[in-house]
Structure formats: structure tokens, C-alpha cells
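In what follows, a structure is listed as C-alpha cells, so that the remarks can point back to it.
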Amino acid sequence: MAFKGAIVVDTEKCKGCGVCVVNCPTQTIALAKKVNSKGYPYAYMENPDKCTGCGNCAIVCPDTVITVYKIKI
Amino acid sequence: MDINEIIKPENLVYPKSKVLTDTVMHYCPGCSHGVVHKLLAEVIEEMDIQDRTIGISPVGCAVFAYNYLDIDWQQAAHGRAPALATATKRLYPDKYVFAYQGDGDLASIGTAEIIHACNRGENIVVIFINNAIYGMTGGQMAPTTLIGMKTSTTPYGRKAELNGYPLKITELVAQLEGTCYVTRQAVENPANVRKTKKAIRKAFENSAQKKGTSFIEIVAACNSNWKMPPVEANKWMEDNMFPFYPLGDIKDR
């Protein structure tokens with residue numbers, strides 16, 4: 001059984017700390033080249049195919065901007 | 001597979017806790033306070049005690065905690081959160097009361113209050129964020145600052161002969177009869193976050209069972225005042241803070 005996941009980032013609330021990027025076991029997340037209205041480079045799914053929906057990024061996110069979805073395939 | 005097929009309400013596995021408000025936290029990017037607020041919110045939601053929880057916010061960076069968690073709050077004078085928590089718990093014995101404090105607040109200015117609250121064995125939960133520095137006021141030396149650590153008041157590093165030794169307040173309160181659960185945790189990676197959440201849940205359950213004071217120290221990073229990027233600060237914490245402040249349960253009965 002495998003899992004496929006996806007995250008939704010509240011880009012306006014993201015402060016671009018990068019803690020989710022280093023804690024993602026599949027290197028799915030990266031910081032965007034663009035910035036939000038506060039000037040922070042927000043987190044986004046750079047490799048959406050790799051996401052397994054483990055939720056590690058959301059667990060360590062200090063601002064709770066990440067929502068995780070997961071399905072069985 | 002298309003992402004829009006995954007992002008559906010029935011596939012949601014990690015939503016934002018309903019106890020957290022929509023206010024954007026004023027904390028610096030990567031601050032450990034945000035994670036601890038989230039864990040408190042999740043525990044309060046899971047135990048279904050939102051309407052029976054009273055938090056005591058400290059003086060320090062976490063003073064605005066009352067804006068972020070949708071529960072009842074009191075705001076204490078500097079260091080006096082355990083005293084206010086004592087009063088609140090004694091007036092409302094059926095409520096869950098927790099004091100949320102930083103290291104400058106708890107280990108320096110409020111040493112008397114925390115020692116005596118723990119010694120009396122008040123049925124409260126104490127959350128102690130130890131980032132070894134005064135965060136809000138601009139990075140001055142705290143009692144918990146490590147030897148050799150540079151702060152704005154010890155620019156050449158803390159020296160034991162001049163500034164004394166770092167204070168392990170958690171080991172100190174563990175010796176008191178009134179405490180039932182004393183532990184030290186961290187929130188820099190998913191494994192430690194999960195352990196911290198279990199510790200917070202256990203502390204609230206102890207409070208309901210009237211076992212005594214539960215004291216949770218959380219070793220945290222203050223990247224702004226340590227002058228490091230958030231990820232590097234977490235690494236520095238693992239390398240330098242954890243050897244002196246080892247994680248794990250110190251007392252559990």
C-alpha cells in the first residue's frame with residue numbers, strides 16, 4: 001500500500017523559516033522564489049509527486065500554515 | 001495524479017486546530033513558541049476542555065499568547081504566573097489551569113513563585129520555554145544562558161567567575177515533593193514534537209487527577225537573538241543546549 005499526499009500552504013501567513021523544508025523526508029518542499037506581501041519566501045511543493053502525506057512539515061510548522069491531505073493508492 | 005484529486009475534505013489528515021485563532025503570530029520566523037502554542041491547542045481540542053481551560057500568560061515574548069489560543073486567559077505580572085495560576089486553580093478547582101513562562105520569567109524573576117507553587121503541589125501545569133536568553137527585551141543574559149554563550153550583556157561569552165553558572169531549574173523543582181511530573185522536551189523535529197505533545201497531555205491529565213504540579217521544560221531556539229537563521233539555530237540548540245539540558249523525564253510518579 002502506498003500513500004500519496006499533498007499540502008496546502010497559507011502563503012500569506014508563512015514566514016519562510018524553512019523548518020518544514022529540512023524536516024521533509026522526501027524533499028518535496030522548498031521555499032519559493034517569490035515572496036508574499038510581507039516579503040517572506042513562502043513554502044510550496046516543489047516536487048508534488050514525491051509527497052507521501054506524512055505530515056512532518058505541518059507538525060513542525062511554528063505558524064500552523066500547512067494543511068495536509070492524504071489518500072491510499 | 002492530479003493534486004486537486006487529493007485536496008478534498010475527506011482526505012484531510014492534518015488540519016489547523018480549532019482552538020487556535022486566525023491571528024497571525026507575532027513571533028519571529030521559526031520560533032519554538034508557535035509550535036508549543038499549537039501543541040497546547042491540539043491537546044485542549046483532543047481532551048475537549050476548551051471551555052474549562054484557563055491559561056496564564058507571562059511577561060516575555062509569549063505575553064500575547066491570549067491572542068492565539070481561544071480559551072480563557074489571565075496575564076500575570078513578571079514572574080508571577082505560578083502565583084496567579086495557584087489563585088485561579090483554588091478559586092475554580094474544576095478548571096484546567098496552566099502557566100506558560102519563559103526562562104527569564106520563570107528562572108530569574110519568578111524563582112520564588114515557581115519554587116513555592118511546585119512545593120505546595122498546586123494542581124497546575126507549568127510550561128517552561130527555555131531558550132537560554134531574554135528574547136523580548138533584546139537578547140540579554142538569562143540565568144539559563146550557557147557558559148561561553150554570547151548575549152548582548154555578555155558580548156565575550158558568559159564567564160562563570162563573573163556571571164555565575166547556568167541554572168537547571170527543572171532539576172531543582174524535581175526534588176520538591178509537590179511535583180508529580182517533571183520533564184524536559186524540545187520541539188525542533190517531528191519526533192520531539194510528538195513526545196512533547198504526549199508530555200503536555202499527560203500533564204493536563206495529572207492536573208485532573210489532582211496528583212500535584214506538572215512541570216514541562218521545553219528547550220527552545222531563539223534564532224533572532226542567537227543571530228542565526230532558524231534552521232541553523234535548531235542545529236546549534238541540538239549541538240550545544242542538549243548536552244547541558246538533556247531531554248527526557250526527570251520525575252514521573
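In what follows, chains carry the letters A, B, and so on, assigned in the order in which the sequence lines appear, proteins first and then strands, with residues in each chain numbered from 1.
Interface check for chain A: of the options B:V193, B:I7, B:V231, the most heavy-atom pairs under 4.5 Å are formed by B:I7. The most heavy-atom pairs under 4.5 Å with chain A, out of B:E10, B:E5, B:K8, come from B:K8. Contact count against chain B (heavy-atom pairs under 4.5 Å) is highest for A:T64 among A:T64, A:I73, A:V22.
A side-chain contact (heavy atoms from CB on, under 4.5 Å) with A:C17 is found for exactly one of B:C28, B:P229, B:P230, namely B:P230.
B:V24 has its side chain within reach of A:K38: a pair of non-hydrogen atoms, C-beta onward, lies under 4.5 Å apart. Proximity of B:P29 to A:Y40: side-chain heavy atoms (C-beta onward) are separated by under 4.5 Å at one or more points. Using a 4.5 Å cut-off on side-chain heavy atoms (C-beta onward), A:V60 and B:V35 make no contact.
When atom types are taken as modelled, the side chain of A:K4 and the backbone of B:I3 share no donor-acceptor pair closer than 3.5 angstrom. Between the side chain of B:K16 and the main chain of A:I66, no donor-acceptor pair closer than 3.5 Å is present. Using a distance-only test at 3.5 Å, with no hydrogens or angles considered, no donor-acceptor pair links the side chain of A:K70 to the main chain of B:I6. With hydrogens and angles disregarded, no donor-acceptor distance shorter than 3.5 Å links the side chain of A:K13 to the backbone of B:T23.
Residue contact with chain A, scored on non-hydrogen atoms closer than 4.5 Å, involves the side chain of B:N234 exclusively. Interface remark: B:D2 contributes no atoms to any contact with chain A (heavy atom separation under 4.5 Å). With a 4.5 angstrom heavy-atom cutoff, B:L20 touches chain A only via side-chain atoms. Looking at A:V19, the atoms closer than 4.5 Å to chain B (heavy atoms on both sides) sit in the backbone and in the side chain alike. Contact annotation for A:C20: neither backbone nor side-chain heavy atoms come within less than 4.5 Å of a heavy atom of chain B.
Rounding to the nearest 0.5 Å places CZ of A:F3 at 11.5 Å from CG of B:N11.
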Yes or no on side-chain contact (heavy atoms from CB on, under 4.5 Å) for B:Y14 and A:I59, after CA distance, side-chain angles and deciding distance? CA-CA 8 Å; B:Y14 195 95; A:I59 287 169; 3.8 Å; yes
Evaluate side-chain contact (heavy atoms from CB on, under 4.5 Å) for B:C31 paired with A:K15, printing each intermediate quantity in order. CA-CA 10 Å; B:C31 179; A:K15 293 176 184 164; over 6 Å; no
If you apply the rule side-chain contact (heavy atoms from CB on, under 4.5 Å), what do you find for B:R194 with A:N56, and how did you get there? CA-CA 10 Å; B:R194 288 191 171 97; A:N56 279 359; 3.8 Å; yes
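The number of heavy atoms from other shown groups lying within 6.0 Å of CZ (B:F64) does not exceed 12.
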